[in-house]
Amino acid sequence: MLFSERLLTNIKFANSLAVLTGAGISAESRVPTFRGENGLWKRYRPEDLATAEAFLSNPQLVWDWYRYRRNIISQVTPNPGHYALVDLETHIKDFTLITQNVDNLHRIAGSETIEELHGNIMRNRCVDCNRRYNDNELPHMDVPKCSCGGMIRPDVVLFGDLLPADVLARSIAASRRCDVFISIGTSALVHPAASLPIEAKNCGAYVVEINFEKTVISDRVDESIIGQSGEILPLLINELGFQ
Ligand code: OAD
């Protein structure tokens, strides 16, 4: 059997469960991941495109990059992995979905308690007054300007930015109090997200990883399941009788 009795029992009796997702969960929706053979960071330099300094020195380039990614994302839909997490949420009293993804696919699938650690590519904000803009409210300019005169940027975390403090605090709290923690489709290389499974483990949670390949945390978790999340997660939900 793919899943251990221990995993199934721990999930069935969990009062609190936290999930961390990374780019891998959206790979089967054809959203490119960052690392690996076909990853975005093989073709583009993060320091040119995804840093706070890059936005200040060349906002046009950074906007072009996010428009390119937004265009990809606007054409894709959630996959069975995203939907399986919606099913999981409906069966666990205290459920938190922590995601590093900015692609909005968990929301589109119907997940409700979502902590977006790295923001959301469909939202925007003014760097000066912090006014929020939905996509359809954005002024039509190469680098959109706020009514206060400040530059508007995508509401995503760039390297060099602090993570949203409230989102991070809730994510750490959920990781500390959960009985089961599931890390899905992340290389577990970017902190502080990458430290959440370890935080959960140190606080006594049963920690499971679902990934296409071994990662730096595979040897530190209780169970490492190798495979595609879009296949594994629906099987897990089925095995749990949680459909
Ligand atoms: P990565 O691209 O680093 O890792 C994706 C992981 O998903 C890898 O470990 C793959 O093996 C795994 N994977 C790929 N396809 C999969 C599938 N179908 N099922 C299961 N696993 C699969 O992406 P993240 O870990 O999300 O940050 O990257 C973390 C952060 O680094 C991102 O949020 C982004 C990036 O730079 C910022 O932009 C701030």
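The model shown is predicted, which means the values in this text are computed figures rather than measured ones. Start at 1 and go down the list; that is how both ligands and their atoms are numbered.
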Exercise. Only one of Asn120, Ile25, Val19, Val86 passes side chain to side chain contact (heavy atoms under 4.5 Å, CB included) with His106; say which it is.
Key: Ile25
Exercise. Quick one, list the residues around ligand 1 where some non-hydrogen atom comes in under 4.0 Å, by chain and residue number.
Key: Gly22, Ala23, Gly24, Ala27, Glu28, Thr33, Phe34, Arg35, Trp41, Gln100, His118, Val157, Phe159, Gly185, Thr186, Ser187, Val190, Asn211, Phe212, Glu213, Gly227, Gln228, Ser229
Self-check item: Asp222 side chain vs Val207 backbone, donor-acceptor pair below 3.5 Å
Solution: yes
Quiz item: Side chain of Glu89, backbone of Glu112: donor and acceptor closer than 3.5 Å?
Solution: yes
Quiz item: Pick one: which of Ser229, Ser111, Ser26 meets side chain to side chain donor-acceptor pair (under 3.5 Å) with His82?
Solution: Ser26
Self-check item: Inter- and intrachain pairs under salt bridge (charged side-chain N to carboxylate O under 4.0 Å, His left out), touching residues 54-71, at least two apart
Solution: Arg70-Asp135
Self-check item: Glu116/Arg107 salt bridge by N-O under 4.0 Å criterion
Solution: yes
